[in-house]
Amino acid sequence: MTAATPHATSYAQPFARTDRTAFGLWWWTVDHWLLGGVAALMFLGVALSFASSPAAAQRIGIDNELHFAIRMCIFSGLGAAILLFSSMMSPRGVRRVAFFTFAVSILIMIALPFIGHSAKGAQRWLQLGGFGLQPSEFVKPALVVLASWMFAEGQKGQGVPGVSIAFFMYLLTVGLLLIQPDVGQTVLTTIAFGACFFMAGVPLRWILGLGVVAVSGLVSTYFLFDHVAQRVQKFLGAEAADTTQIDRASDAIAAGGLFGAGPGEGVMKRHVPDLHTDFIYSVGAEEYGLLFSLLLIGLFAFVTVRGLYKAMRLSDPFEQVAAAGLFVLFAQQAFINIAVNLNLIPTKGMTLPFISYGGSSMLAMGLTLGLALALTRKRPGAYAQTEGLAPTRAFQ
Amino acid sequence: MRPGDIKVTPNPSWRWLAERVWSVEHAFERIKAEGRAEEDTRVRIFFVLAAFSLAFVILAFGAARAALFSGNAHARSGPAAAAERADLVDRNGLLMAANLTHYKLFIDPEEVWEPAETRRAIRRVLPKVSADRLRKAIQGQRRAFIIGGLTPQQRQAVHDLALPGVYFEEEDKRAYPLGTSAAHLIGFVDAGGKGLAGVERALDADIRTAGRDGRPVALSIDLRVQAALEDELAGAARDQQARGAVGIVTDVRTGEILGLASYPSFDPGAAGRASDDQRLNRATQAVYEMGSTFKVFTLAAALDSGAANRNSTFDVASPLNLGGRVVHDHDAKGGRVTLEDVFIHSSNIGTSKLALSMGAPTVTRYFKALGLFAPGELELSSAWPIRPRKWDPNTLASVSFGQAISVSPVTLAQAMGAVLNGGRLVPLTIRRLEPGRAPEGQRVISEATSRNMLDLMRLNVVRGTGSKANAAGLRVGGKTGSAQKVVNGRYAQTTLVSSFAAVFPTDGPMDRDRYLVLVVLDEPHGSAASGGARTGGWTAAPAAGRIIDRIAPFLGVRRAADPFSTATGEKLAVEETPDALGEAEQ
């Protein structure tokens with residue numbers, strides 16, 4: 001990359017439009033709005049980690065108050081790097097990365113029962129020198145891309161049994177997730193996969209049948225897994241259920257009010273386990289108030305809507321569905337996490353994309369949005385101007 | 001048909017599966033070809049986009065509702081810092097122990113401007129600081145700890161000096177707002193917040209867990225009962241110049257300890273300054289030969305095993321000679337007396353004969369079942385009883401009236417509870433039990449026996465040795481005890497452990513709440529108030545009566561007409577009294 005010659009008086013773009021290096025090409029083709037939204041989220045995540053880290057470190061007896069904040073900075077940096085590199089891919093590169101990621105993740109998940117690290121009653125982690133790696137985080141974007149590809153291939157009518165292959169990959173993933181057991185990731189994977197299938201153009205009467213299967217699957221997790229049943233009962237207000245976490249979260253959000261208690265003034269962070277991961281929203285809401293919460297929700301909504309809109313206007317079916325599926329992955333996780341914090345749905349341990357502390361989720365989200373950005377980049381013929389819904393140009 | 005699907009295996013089920021797969025694939029493929037609008041990918045993505053837009057709008061409304069309209073907008077989300085140890089509260093939620101934020105003082109010598117002035121100024125506002133330590137810190141190289149446990153006022157005083165290089169860190173310190181009250185029960189912690197004695201030690205793990213959750217630990221104690229108990233106990237102990245004293249109040253139905261006092265007491269906030277004697281919890285860690293209160297157990301065993309009934313008679317005319325040992329009665333009646341008289345006149349001869357007629361196996365079986373041979377399940381660590389090694393007739397006779405066996409007062413209280421609550425051994429506890437959560441307990445004696453013992457104890461207060469424990473209208477029952485202590489290897493005539501085990505009310509259904517009040521005085525010396533006497537009936541019984549008089553209102557026991565208080569004190573079986581009579585307000 002070569003920087004343009006700076007002028008003495010006026011601001012110059014760092015790269016000229018004629019810059020043909022990989023980075024210059026990337027900069028001029030990637031969607032700046034999406035990139036800005038994600039960058040803002042990452043910044044907020046790092047900032048909030050400085051608020052939550054001392055309390056979390058103290059809770060588990062780590063001397064260094066900034067233990068989590070420093071690691072969060074490292075994770076964010078790595079996440080940004082992964083996002084950058086994966087967003088430079090071509091659609092073909094996206095498929096390759098997805099295939100490679102999927103294969104490796106599945107292999108690790110198969111091996112987990114033998115080499116995995118068990119935490120909080122489930123084997124989900126691969127311990128890699130001080131960092132716990134959770135392969136199930138990476139398998140989701142990979143599955144979404146590969147399934148979308150298979151749907152698109154299937155529809156071409158060239159003899160590829162796309163639907164069958166996609167469902168085979170889906171069942172393999174979900175089966176391995178349920179062995180761990182990880183009901184939360186199973187639900188996320190199912191929703192994203194279902195959304196891809198839906199968007200690929202599945203007939204409406206099929207949706208009805210698959211919906212019944214999905215709902216009965218969800219109901220059966222209630223009976224098969226004790227902790228799921230407990231959480232649902234807790235949400236429904238059953239007497240015996242322990243609602244400490246969510247009660248504290250509700251109190252903290254209420255204490256924050258409109259303007260918040262002020263930076264560093266939050267007290268809930270000292271009471272709630274998992275505050276730096278699953279309940280980071282409440283920590284932020286207590287210290288910075290509703291205005292901050294709305295900003296955060298707004299950012300997630302903006303990235304989601306902008307991303308889906310871009311995906312909608314792509315012309316290739318694979319790119320459309322894959323990009324949209326990746327944004328669905330991002331959006332559903334944000335929605336579920338915040339909804340749990342607001343006590344709108346039962347407690348489900350789920351990270352808030354880019355905001356929660358956690359290496360695996362940060363890197364996987366970097367990969368997810370990196371691939372999505374790669375697919376929504378401007379390329380010759382990528383965007384159709386005349387087909388389908390009339391472009392409104394509202395976002396351009 | 002495609003070339004791919006014909007060359008599958010001949011197995012029909014595989015072929016069927018392959019056909020299914022291809023039919024699905026073809027259907028999926030056709031859809032695209034037909035290009036209907038509602039199955040177009042763009043329309044579908046737009047639908048997803050709309051759904052998520054709606055979802056995020058809902059989130060925004062949810063966030064606004066949670067932040068602004070949740071009803072507790074002004075509630076803080078908890079104390080400023082999660083206390084390491086939970087508050088201890090009594091059964092009504094009154095504070096007994098709490099963690100308060102104190103401060104540690106540090107000095108960073110690199111930032112100190114005027115060492116001499118700094119030293120002088122800090123010593124002026126904090127005289128307790130060691131001059132030597134201060135000097136070393138100021139001359140040192142790095143930040144050094146000076147003193148801990150500073151109150152907010154002391155911190156402010158140092159701040160007011162406006163010295164550079166002075167730093168504070170927060171620390172938790174245990175505070176006991178009740179002072180010496182309930183000191184032995186609460187116990188105390190070390191500087192690091194680790195429970196060393198009492199509840200602080202017994203429930204250490206629970207207190208930490210509760211502290212993390214920000215909720216208090218509720219004890220079974222009723223502070224009102226505790227206060228009255230301590231007041232009267234200290235009064236009696238001082239009046240009698242006793243070495244020590246114990247007072248226990250329990251609910252015999254649930255096993256909850258409502259009050260537990262050991263005299264002399266100490267300040268748990270400064271436990272280090274108390275003597276070992278003050279810190280000794282005589283209720284749990286001391287064992288005494290309890291004397292005649294044990295006759296309750298001997299008679300209960302006799303009635304329950306069928307060895308005697310209330311009308312059995314005993315010849316107590318002459319002292320009982322047991323091979324070199326002679327058992328006397330203090331209050332000799334002479335002639336043949338009934339079981340009732342043996343009890344209310346506390347006849348050692350009669351009780352000994354009763355025990356001998358039952359034999360050692362029966363007596364030990366009952367005593368073991370009553371928990372007299374073990375410390376019990378109370379959370380506070382209590383002492384093991386000292387029991388005889390061999391059970392010859394001599395020992396058996398002694399044990400029958402509470403000599404030759406030493407138990408802690410809590411062990412005695414637990415066994416008394418089993419006799420008085422309908423016959424179930426319910427473990428004593430210092431935790432508040434939720435209503436309806438009282439343990440069932442182990443059946444030890446029958447309900448009929450328990451009823452008989454309540455009647456006998458009531459009778460003993462109406463016209464026996466326990467008359468000074470009566471409290472107007474509260475249907476008090478009880479049994480005295482005056483055990484001789486061993487001094488220089490011999491039982492001493494005038495060195496006594498005087499006690500009284502009282503129960504009230506004695507009437508009403510067997511499953512009602514009934515309260516045991518146990519008063520033990522170690523070496524009373526007699527006083528004008530007791531007419532110079534040192535025995536339980538004159539020293540402990542009046543104290544028990546006064547305690548009952550004061551605590552009954554807190555426990556919801558109403559004063560009522562008393563069927564036993566007839567002119568003659570004649571027996572009128574309690575179970576035959578109509579309830580209307582019993583409930584009439586006096």
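Below, all heavy atoms of this structure are taken into account, side chains as well, without hydrogens, waters or symmetry copies. These numbers were taken from a predicted model, which means no experiment stands behind them.
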Query - Contacting moiety of A:Ala195, where chain B heavy atoms sit under 4.5 Å - result: neither
Query raised in the report: So which part of A:Leu294 gets closer than 4.5 Å to some heavy atom of chain B, the side chain, the backbone, both or neither?
Result: side chain
Requested in this report: For B:Arg91, check side chain to side chain donor-acceptor pair (under 3.5 Å) against everything at least two apart and list the hits.
Outcome: B:Glu256
Report task. Name all residues meeting the side chain to side chain donor-acceptor pair (under 3.5 Å) criterion together with B:Asp90; count only those two or more places apart in sequence or in a different chain, and write none if there are none. Result -> none
Report task. Would you sort out whether B:Arg65 and A:Leu344 count as a side chain to side chain contact (heavy atoms under 4.5 Å, CB included), showing the intermediate values? Result -> CA-CA 11 Å; B:Arg65 199 196 54 170; A:Leu344 299 174; 4.1 Å; yes
Query raised in the report: According to the side chain to side chain donor-acceptor pair (under 3.5 Å) rule, which pairs have a member within residues 322-334 of chain A, sequence neighbours left out?
Result: A:Lys140-A:Gln333, A:Gln333-A:Thr351
Query raised in the report: Would you find more than 12 non-hydrogen atoms of other residues, nucleotides or ligands less than 6.0 Å from A:Phe167 atom CZ?
Result: yes
Report summary line: The interface call for A:Ala301 against chain B, heavy-atom contacts under 4.5 Å, is both
Query - Nearest heavy-atom neighbours spanning B:Ala66 and A:Leu342 - result: CB-CD2, 3.8 Å
Query raised in the report: Once you round to the nearest 0.5 Å, how far does OG of A:Ser315 lie from CZ of B:Arg42?
Result: 7.0 Å
Report task. Determine whether more than 12 heavy atoms belonging to other residues, nucleotides or ligands lie under 6.0 Å from atom CZ of B:Phe145. Result -> yes
Query raised in the report: Does any N or O in the side chain of B:Thr41 come within less than 3.5 Å of the main-chain N or O of A:Met199, such that one atom is a donor and the other an acceptor?
Result: yes
Report summary line: Against chain A, residues from residues 51-62 of chain B with at least one heavy atom under 4.5 Å, in numeric order, are B:Phe52, B:Ser53, B:Ala55, B:Phe56, B:Leu59, B:Ala60, B:Gly62
Query raised in the report: Could you give the distance from CD1 (B:Ile45) to CD (A:Gln320), rounded to the nearest 0.5 Å?
Result: 5.0 Å
Requested in this report: Answer with side chain, backbone, both or neither: which region of A:Thr304 has an atom nearer than 4.5 Å to a non-hydrogen atom of chain B?
Outcome: side chain
**Report entry** Leading residue by heavy atom contact count with chain B [cutoff under 4.5 Å; candidates A:Phe300, A:Phe198, A:Phe335]
**Finding:** A:Phe198
